[in-house]
Amino acid sequence: MLPDFRVRQRDYLLEISRLMTEELDLQALLQRILRIAIEMLIGHAGFIALKDEKKGLHIAVHEGMPEALFNYIERWLESLPQTEEEDGEVYVPEINRMLNEVSMGMITGVGINMIFQKEFIGQIYVFRNYRGAFSANDRAVLTSFANQAAIAVRNARLFNQTREQSLRLEALLDSVADGILILKPDLTVERMNRSLQRMLQVKEEDCIGKHIQAVFEWAKPPQGTRIEEAIMEIWPNTAQEHQYLEGDLVRKVTRDTLPVGITYGPLFSEQGELLNIIASVRDITRFRTAEEMQNSFISVVSHELKTPIALIKGYVSTLRRDDVQWDRDVVQESLAVIEEEADHLTAMVDDLLDATRLQTGGLSIHKSEISIPAIVKSLVPRFETQSPEHSLVVDFPEDYPPVVADEDRIRQVLSNLINNAIKYTPAGEIRISGKVRQKDVVVCVSDHGPGIDPRDIPYIFERFYRSDEVAKKTKGTGLGLYLSREIIKAHSGKIWVDETYQEGSRICFSLPFSPTSS
Ligand code: ADP
């Protein structure tokens with residue numbers, strides 16, 4: 001039979017071992033170890049000090065220590081040299097000597113270094129406030145506790161490290177702008193980051209465990225290598241090569257499509273077993289837009305610029321024929337057409353240049369105080385001679401105030417709007433009217449033409465947009481309203497289609513009295 005205290009000691013050690021597997025909170029575990037150690041050694045107080053890189057040796061948990069003693073020991077610990085202890089036995093005799101001195105022998109203590117695989121982890125200390133030396137057995141008991149505590153600290157630190165790493169990884173996954181999807185080898189979802197949830201308009205918890213086909217809904221079959229193909233045919237031969245897939249994903253809620261490029265690669269174990277497939281999903285709307293813009297640019301340049309050039313060339317070749325004597329009127333008429341087409345060309349090239357400038361850094365705006373009615377009046381005669389079938393009516397109130405704006409740019413906007421009204425309306429009245437509101441002034445250009453199809457209204461201010469119907473019948477680049485919108489935006493104003501107007505089209509813009517941006 002074991003003596004009673006041995007049985008208790010064994011039970012306590014068993015309890016500590018059990019706690020170590022159950023309790024992952026280091027503080028709680030240390031507190032428990034200290035309490036048991038004090039109880040076992042019939043002490044009154046104690047502490048466990050830990051050493052870490054940042055704080056050095058510091059009290060991690062303590063029990064029953066009067067505040068004065070706690071503060072004293074804490075300061076004393078701080079003052080200890082921070083050198084590495086070779087055998088782990090440096091501080092214990094010292095602290096005992098110090099305690100003996102301060103309590104005049106009233107407090108006795110026993111302390112043991114906590115060592116794990118030759119590494120000094122800290123110290124465990126138990127005090128008694130009555131005279132009575134600690135025996136060799138007391139030291140042996142405390143040593144077992146110290147060993148357990150050292151292992152516990154090690155485990156808890158490892159656990160914390162792993163937890164921190166995984167938290168960092170989670171945070172990293174959620175902070176990237178690209179969508180990230182982690183798949184199991186059977187192509188079911190293991191993890192989906194926030195960006196991808198936003199892109200697809202789904203929640204991660206609804207997708208976990210689902211097959212990728214149930215999560216990615218393609219508007220039409222994507223281009224590139226399918227994941228199944230990569231698993232079966234590519235990765236077994238060319239280890240770990242990344243693959244690319246591109247297409248339009250259907251978003252769950254709004255049901256619109258999102259163009260994406262997906263790069264994915266395998267994660268193999270050391271034994272060559274496929275663990276995961278990691279896919280990074282990028283929103284490629286901007287690339288698509290840039291690509292479309294490039295295509296539109298090419299088509300505008302090839303179709304729209306070619307027409308006036310062909311006309312000019314035709315007239316010039318005709319005039320140059322030496323076998324015919326052209327009379328003066330024909331020459332004048334031909335030169336007028338050439339001039340008009342050259343002006344048309346210049347206007348188109350200017351628009352294209354402005355559109356490019358907007359892409360690369362914005363238009364320059366030079367503001368001064370301007371009178372919009374005066375600009376309109378100066379424009380009218382030119383349009384009237386150009387198009388006798390239309391009558392232009394200028395309708396501004398007498399007290400229409402001046403505004404601070406870029407005169408040339410506002411003239412460009414007005415010309416675009418009047419030009420469109422003339423271009424899209426066979427004949428009739430075109431009214432350019434002004435209104436003063438509380439914070440801004442409004443200008444509207446109305447015609448009695450076919451109007452703008454409501455389906456086109458959301459897009460007509462987009463770059464290169466022309467309604468299909470109109471594009472077949474008229475010439476244009478689809479840049480006029482886009483540039484107008486950008487110019488008005490640069491003046492902190494707004495431009496819109498007045499949908500209440502039913503007799504044709506009415507496009508209005510507003511300019512604030514005190515523009516916020518210059
Ligand atoms: P463009 O006139 O070169 O096509 P805009 O950007 O000026 O380019 O106009 C974009 C589109 O808006 C036009 O193609 C046309 O479909 C529509 N639109 C603009 N103004 C009018 C109008 N006054 N009447 C009817 N449609 C118009």
Side-chain angles (χ1 to χ4, degrees), residues 289 292-293 295-308 340-341 343-359 363 376 379-380 383 386-387 389-395 409-433 442-490 494-509:
T289 318
E292 276 160 20
M293 157 111 183
N295 290 341
S296 313
F297 187 87
I298 292 167
S299 90
V300 164
V301 171
S302 54
H303 292 113
E304 296 302 320
L305 298 188
K306 255 168 99 180
T307 322
E340 197 180 298
E341 290 305 318
D343 285 348
H344 185 51
L345 260 180
T346 313
M348 265 198 283
V349 171
D350 282 348
D351 279 0
L352 284 169
L353 283 177
D354 276 349
T356 317
R357 260 183 226 127
L358 270 170
Q359 276 311 95
L363 292 176
V376 174
L379 282 172
V380 166
F383 283 109
Q386 197 180 308
S387 170
E389 309 84 49
H390 296 92
S391 64
L392 270 67
V393 178
V394 181
D395 176 16
R409 291 296 181 192
I410 298 301
R411 190 189 305 276
Q412 187 179 347
V413 174
L414 286 163
S415 302
N416 279 338
L417 299 184
I418 302 172
N419 204 18
N420 277 350
I422 291 177
K423 186 160 71 172
Y424 297 114
T425 313
E429 183 186 282
I430 288 161
R431 179 173 290 265
I432 306 126
S433 58
V442 179
V443 181
C444 294
V445 177
S446 337
D447 60 45
H448 291 91
I452 302 168
D453 190 322
R455 282 169 302 183
D456 288 322
I457 291 178
Y459 308 107
I460 58 166
F461 296 101
E462 296 296 317
R463 207 171 22 208
F464 295 120
Y465 187 84
R466 307 202 68 214
S467 87
D468 284 344
E469 266 309 296
V470 159
K472 283 181 216 142
K473 296 187 215 140
T474 51
K475 284 193 282 185
T477 55
L479 285 174
L481 288 183
Y482 162 68
L483 291 174
S484 303
R485 181 190 64 182
E486 294 303 311
I487 291 169
I488 296 299
K489 241 181 19 191
K494 287 202 173 70
I495 185 162
W496 67 94
V497 175
D498 179 356
E499 292 183 57
T500 59
Y501 184 77
Q502 297 295 320
E503 296 147 45
S505 313
R506 177 185 276 163
I507 298 184
C508 304
F509 67 86

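Just so you know, ligand 1 is whichever comes first in the structure, and atom 1 is the first atom listed for that ligand.
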Subject >> Test applied, side-chain contact (heavy atoms from CB on, under 4.5 Å); reference residue, V413; option that passes from L483, V443, I487, I418 >> reply: I487
Original post:
Can you tell me the protein heavy atom closest to atom 23 (N) of ligand 1 and the distance?
Top reply: D447 OD2, 2.9 Å
**OP:** Tell me which protein heavy atom sits closest to atom 26 (N) of ligand 1, plus the residue, atom name and distance to 0.1 Å.
**Re:** I452 CG1, 3.4 Å
Original post:
Contact between N416 and ligand 1, counting heavy atoms under 4.0 Å?
Top reply: no
Original post:
At a non-hydrogen distance cut-off of under 4.0 Å, which region of Y465 contacts ligand 1 (side chain, backbone, both, or neither)?
Top reply: backbone
Subject >> Closest to atom 12 (O) of ligand 1 (judged by heavy-atom distance), picking from T425, I460, V445, V497 >> reply: I460
**OP:** May I ask whether K423 has any heavy atom positioned less than 4.0 angstrom from an atom of ligand 1?
**Re:** yes
Original post:
Under a heavy-atom criterion of less than 4.0 Å, does P450 contact ligand 1?
Top reply: no
Subject >> Lys/Arg N to Asp/Glu carboxylate O, K423 vs D447, below 4.0 Å >> reply: no
**OP:** Mark the output for G449 as yes if a heavy-atom distance to ligand 1 is under 4.0 Å, and as no if none is.
**Re:** no
Subject >> Protein contact to atom 21 (C) of ligand 1 [nearest heavy atom, distance to 0.1 Å] >> reply: Y424 CD1, 3.4 Å
Original post:
Strictly under 4.0 Å, does any heavy atom of D456 approach an atom of ligand 1?
Top reply: no
Original post:
Looking only at heavy atoms, which two atoms of A355 and L479 are closest? And how far apart?
Top reply: CB-CD2, 3.9 Å
Original post:
Any donor-acceptor pair under 3.5 Å linking the side chain of N416 with the backbone of G480?
Top reply: yes
Subject >> For the student: nearest non-hydrogen atoms of D395 and R431, plus distance >> reply: OD2-NH1, 3.1 Å
**OP:** Would you indicate whether the side-chain heavy atoms of L417 and L481 approach each other to under 4.5 Å?
**Re:** yes
**OP:** May I ask you to identify the nearest protein heavy atom to atom 7 (O) of ligand 1, giving residue, atom name and distance to one decimal place in Å?
**Re:** N420 ND2, 2.8 Å
Original post:
R466 and side chain to side chain donor-acceptor pair (under 3.5 Å): which partner among T477, T474, D456?
Top reply: T474
Original post:
Can you find an N/O atom of I507 closer than 3.5 Å to an N/O atom of ligand 1?
Top reply: no
**OP:** List for me each residue that meets side-chain hydrogen bond (donor to acceptor under 3.5 Å, both in side chains) alongside T307, sequence neighbours excluded, and say none if there are none.
**Re:** none
Subject >> Identity and distance of the protein heavy atom lying nearest atom 6 (O) of ligand 1 >> reply: L481 N, 2.8 Å
Subject >> Residue, atom name and distance, where the atom is the protein heavy atom closest to atom 4 (O) of ligand 1 >> reply: R466 NE, 2.4 Å
Original post:
Do K475 and ligand 1 have an N or O pair less than 3.5 Å apart?
Top reply: no
Original post:
Are a donor atom and an acceptor atom from the side chains of Q412 and D350 found within less than 3.5 Å of each other?
Top reply: no
Original post:
How far is atom 8 (O) of ligand 1 from its nearest protein heavy atom, and which residue and atom is that?
Top reply: G478 CA, 3.2 Å
Original post:
Taking H448 for the side chain and E429 for the main chain, is one N or O donor matched with an acceptor at less than 3.5 Å?
Top reply: yes
Original post:
Of G504, S467, G476, S505, which has the heavy atom at the shortest distance from atom 22 (C) of ligand 1?
Top reply: S505
Subject >> Non-neighbouring partners of Y459 that pass ring-ring contact (aromatic ring centres under 6.0 Å, His included), sequence neighbours left out >> reply: Y465
